[in-house]
Amino acid sequence: MSRTEHLMLRAPDGARLAATLHLPDGEGPWPALLEALPYRKDDQTAADHREYLRFAQAGYVVCRLDLRGTGSSEGIATDEYPATERDDLLAVIDWLATQPWSTGAVGMFGTSYSGFNSLQLAIEQPPALKAIVSIFASDDRYADDVHYYGGALKALDLADYPTTMIASNALPPVPARFGDGWRDEWARRVEETEPWIVTWLEHQTYDDYWKFGSAREAFDRIEAATMLVGGWSDGYTNICLRSFPHLRCPKRVLLGPWPHASVETCIPGPNIDLVPEMLRWWDRWLKGIDTGVQDEPPIMVYQQRSTEPDPLRPVVEGTWRYEPAWPPERLRPRALRLADAVPGGLAWGAGPEDRTAIHGDVGPSAWISCAASMPWCQPSDQAPDEAASLTYTWDPLPDELDILGHPVLRCRVTTDVPVAYLSAKLCDVSPDGSSELVVRGMANLAHRDSATDPSPLQPRSPTDVVVDLEATGHTFAAGHRIRLDLATADWPNAWPPPWAGTLFIDRDATTIELPVLEGPSPAGSAPVLPGSSQPQEDPRADGPGGWARWRVADDVPGDTRTTTVEYGGASGPDGEVPAVRAVHEGTIGVSRTDPGVALADGLADLAIDFPEASVRAVARTRMESDAETYRLHIDLVVSEDGEERWHRTWERSFPRDHQ
């Protein structure tokens with residue numbers, strides 16, 4: 001059993017921060033767990049309390065905090081992960097550690113945003129913070145998040161997440177939690193909060209703005225025991241293997257087949273119950289109980305196997321395995337030469353060079369990096385994109401081939417424009433010809449030497465570039481073939497390049513290096529993880545509780561291609577939780593002849609029915625580009641009981657900085 005308390009904590013500057021505590025029955029003392037999010041604990045994400053109750057029943061005080069300026073906390077939400085957020089959370093950790101019911105030991109955890117700030121607070125080394133569990137987070141806010149990808153601006157994520165946060169940050173505090181003055185606080189919030197996306201577009205390179213909050217800049221400072229959870233179908237996977245050699249603290253990695261969603265219910269599976277594994281970690285490092293977790297190999301990996309491509313596949317074939325170290329001693333990089341492969345797709349030209357026109361609409365067959373919902377977090381057959389790419393296919397494999405880690409493309413390119421993109425996709429081609437996307441990577445070639453100080457390409461000058469593909473674990477079946485797809489865009493995941501032109505690939509000077517594992521894991525045994533008791537989500541469901549649609553369309557007379565995503569749902573009322581409704585839409589469009597001409601339209605329509613008032617915030621964003629400029633228009637309408645109370649607009653232009 002457990003009990004729940006709602007309270008206001010004081011930030012260092014006096015602002016009140018809304019918190020909910022879930023406490024075990026009894027007198028304590030107990031360790032405390034903190035999850036801090038900007039996603040409104042009392043309505044939009046109220047369902048998360050089921051997990052908190054399980055932690056409380058296991059002997060932990062769980063604190064769920066609305067970050068400053070969100071939910072029922074005072075102040076202004078100025079941005080993701082600002083310095084004030086760290087100050088606030090340091091104060092909350094100290095408060096949790098010094099309560100009469102506390103043992104003085106605190107843990108942090110969370111998925112995505114709260115996984116990020118768990119890492120950020122561990123870098124600050126507050127004495128009470130002893131252990132963290134960071135789920136589907138990243139160590140690189142610039143390259144592995146919703147902002148930029150390979151040095152190019154994100155596209156579909158740009159229409160979705162920032163629009164959602166504009167609307168969410170314009171909703172009022174919960175009247176029953178905030179108390180008198182909630183309308184005044186609501187007015188301040190709407191009138192003073194600025195869209196986060198404006199700042200993101202002002203920083204188009206990996207500068208100090210992005211380095212602040214990117215854990216890869218300071219892994220050696222983390223002392224709290226750190227457990228990282230990642231998913232092969234998620235865009236936040238690279239941290240798990242990339243960080244492991246640099247962490248000096250007790251550490252553990254769990255890598256499954258999952259997207260950016262609950263590992264209990266998401267597609268694809270297999271699904272697991274993560275709570276017991278989190279408790280084993282915290283019991284060891286917050287309670288001092290010998291759970292055996294410190295004696296197990298520190299890396300648990302779901303090694304995927306060749307599986308028929310299907311965006312709705314419920315399970316990816318594979319097996320769980322332990323790895324005792326990273327990199328493994330049996331890792332043997334193997335380079336495949338393009339000159340030894342059979343070229344296909346759009347390969348054209350004589351001699352050792354293949355060339356393809358630079359355009360911006362290749363990529364809809366792949367998933368969207370940060371997607372949580374179906375059907376756009378798993379790839380379909382890559383054949384449609386391969387028809388518009390350069391493809392290189394090697395002979396059928398005589399035996400199974402295991403890869404684990406980051407494939408690396410080493411490529412010699414020539415182009416006739418100063419900024420060009422190169423997308424690389426590694427695929428598993430079955431005997432029936434279907435092409436399963438294994439992993440991908442993309443590079444803005446102006447960032448070839450530095451993401452901080454990009455430089456233009458020299459037209460018609462051969463240039464050697466390196467493209468690190470994302471981390472993967474995959475076993476190619478015997479008889480299958482390895483294929484590499486090269487294209488000049490990865491749309492609608494990334495914004496298209498600024499200019500049309502031609503990209504040349506020197507086959508003789510280009511290789512794809514695979515991280516090949518030779519032999520079985522020396523760990524011997526395999527992980528046995530608790531299965532999920534929850535039903536797997538149904539991606540075909542279409543009702544008020546949840547729905548999603550994805551469409552790709554070509555306008556032949558207009559010579560444009562668009563991708564449209566729609567999703568939403570409704571819940572409640574349920575006890576203290578009010579009725580909540582949400583509709584999200586995003587459309588990404590690009591010219592098929594002039595890739596610099598592109599657009600992104602986003603809509604977030606959020607509504608909550610409190611006993612005191614029905615409130616609604618509708619945000620619309622429109623981003624347009626040509627080769628030189630991004631142009632942003634934002635429109636926000638906030639209403640109460642059906643009557644408009646505020647209407648704000650923003651207009652900004654941003655020069656494209658080597659983009």
Check S434 against P309 and note the closest heavy-atom contact, atom names and distance. OG-CD, 4.0 Å
Any sub-3.5 Å donor-acceptor pair from T237's side-chain atoms to G231's backbone N or O? yes
Basic-acidic side-chain contact under 4.0 Å: R631, D626: yes
Evaluate the side-chain proximity of T452 to Y142: yes if any heavy-atom separation is below 4.5 Å, no if none is. no
Could you check whether any side-chain N or O of S389 sits under 3.5 Å from a backbone N or O of T391, counting only pairs where one atom can act as donor and the other as acceptor? no
Distance (rounded to the nearest 0.5 Å) between T414 OG1 and R460 CZ: 10.5 Å
In Å and rounded to the nearest 0.5 Å, what is the CZ to OG1 distance from R412 to T511? 11.0 Å
Please walk me through it: do I368 and D157 pass side chain to side chain contact (heavy atoms under 4.5 Å, CB included)? CA-CA 8 Å; I368 302 304; D157 283 325; 4.0 Å; yes
Polar contact flag, side-chain donor to acceptor under 3.5 angstrom, D145-Y161: no
Any non-hydrogen side-chain atom of S365 less than 4.5 Å from a side-chain atom of S380? yes
Taking atom types as modelled, find out whether D354 and Y392 have a side-chain donor-acceptor pair closer than 3.5 angstrom. yes
To the nearest 0.5 Å, how far apart are CG in L119 and OH in Y81? 9.5 Å
For the residue pair T564 and T587, confirm or rule out a side-chain donor-acceptor distance under 3.5 Å. yes
What is the distance from atom CG of D140 to atom CZ of R216, rounded to the nearest 0.5 Å? 5.0 Å
Is there a side-chain contact between D160 and V565 (heavy atoms, below 4.5 Å)? no
For the CZ atom on R334, are there more than 12 heavy atoms of other groups (residues, nucleotides or ligands in this structure) within a distance under 6.0 Å? no
Taking E470 for the side chain and V439 for the main chain, is one N or O donor matched with an acceptor at less than 3.5 Å? no
Any sub-3.5 Å donor-acceptor pair from W196's side-chain atoms to A77's backbone N or O? yes
Taking C-beta and beyond as the side chain, do Y148 and T205 meet within less than 4.5 Å on heavy atoms? no
Salt bridge (charged side-chain N to carboxylate O under 4.0 Å, His left out) contacts in which one or both residues fall within residues 648-659, not counting sequence neighbours: E194-R648
As a test of understanding, state which of R313, R305, R483 forms a salt bridge (charged side-chain N to carboxylate O under 4.0 Å, His left out) with E436. R313
Report yes if some heavy atom in the side chain of D79 is under 4.5 Å from a heavy atom in the side chain of Y209; otherwise report no. yes
Reported CD-to-CG distance for the pair E386 and L486, which is rounded to 0.5 angstrom: 11.0 Å
If you measure only the distance, is there a donor-acceptor pair under 3.5 Å linking the side chains of S430 and D432? yes
Can you find a side-chain donor-acceptor pair between Y630 and Q659 that sits under 3.5 Å? yes
Donor + acceptor pair across side chains of T164, S168 (<3.5 Å): no
Heavy atoms of A159 and G586 approach each other most closely as CB-CA, 4.3 Å
Any chance you could lay out the side chain to side chain contact (heavy atoms under 4.5 Å, CB included) test for L426 and L514, step after step, and finish with the verdict? CA-CA 10 Å; L426 185 69; L514 304 181; 3.8 Å; yes
With ring pair (Phe, Tyr, Trp, His ring centres under 6.0 Å) as the criterion, how do F136 and Y236 come out once you've worked through the C-alpha distance, each side chain's angles and the decisive distance to 0.1 Å? CA-CA 6 Å; F136 301 152; Y236 298 98; 8.2 Å; no
Does N238 reach the main-chain N or O of A471 with its side chain, forming a donor-acceptor pair under 3.5 Å? yes
So, R242 and D468, do they make that salt bridge, N to O below 4.0 Å? no
Considering all heavy atoms, the nearest D508-A339 contact: OD1-CB, 3.3 Å
Close side-chain approach of D485 and V362, heavy atoms under 4.5 Å: no
Which is it for L445 and T415 under the side chain to side chain contact (heavy atoms under 4.5 Å, CB included) test, yes or no, and what are the steps along the way? CA-CA 10 Å; L445 299 182; T415 185; 5.8 Å; no
How close do A170 and A617 get, heavy atom to heavy atom, and via which atoms? CB-CB, 4.2 Å
Residue pair L437 / W367: nearest heavy atoms and the distance that separates them: CD2-CZ3, 3.7 Å
Cation-pi check, R141 onto F212 ring (under 6.0 Å, within 45° of axis): no
Check the surroundings of atom CD in E202: do more than 12 heavy atoms from other residues, nucleotides or ligands lie under 6.0 Å from it? yes
Under a 3.5 Å cutoff, is there a donor and acceptor pairing between the side chains of S625 and W495? yes
Grab the two heavy atoms, one from S306 and one from A477, that are nearest each other, plus how far apart they are. OG-N, 3.0 Å
Any ion pair linking R410 and E513 (charged N to carboxylate O, less than 4.0 Å)? yes
Nearest-0.5 Å distance, CG of residue L404 to OG1 of residue T472: 8.0 Å
Quick one: does any side-chain atom of Q204 pair with a main-chain N or O of P655 as donor and acceptor, under 3.5 Å? yes
Can you list the steps and then say if V413 with I505 is a side chain to side chain contact (heavy atoms under 4.5 Å, CB included)? CA-CA 5 Å; V413 301; I505 303 293; 3.7 Å; yes
Counterpart residues, side chain to side chain donor-acceptor pair (under 3.5 Å), relative to T621 (two or more places apart): T163
Looking at R620, I'd like to know if its CZ atom is crowded, meaning that more than 12 non-hydrogen atoms belonging to other residues, nucleotides or ligands lie closer than 6.0 Å. no
May I ask you to test the I482-L401 pair for a side-chain heavy-atom distance under 4.5 Å? yes
Is Y39 close to S114 at the side-chain level, that is, under 4.5 Å between some pair of heavy atoms? no
Side chains of T649 and D635: any donor to acceptor distance under 3.5 Å? no
Whether N493 side chain and G363 backbone form a donor-acceptor pair below 3.5 Å: no
Hey, does the side chain of T475 reach the backbone of D402 with a donor-acceptor pair shorter than 3.5 angstrom? no
Without swapping roles, check the side chain of Q303 against the backbone of I403 for a donor-acceptor pair under 3.5 Å. yes
Between S423 (side chain) and M442 (backbone), is there a donor-acceptor pair under 3.5 Å? no
Tell me the side-chain hydrogen bond (donor to acceptor under 3.5 Å, both in side chains) pairs involving residues 589-606, sequence neighbours left out? D361-R592, D554-R592, D559-T593, S591-T593, D601-R622, D605-R616
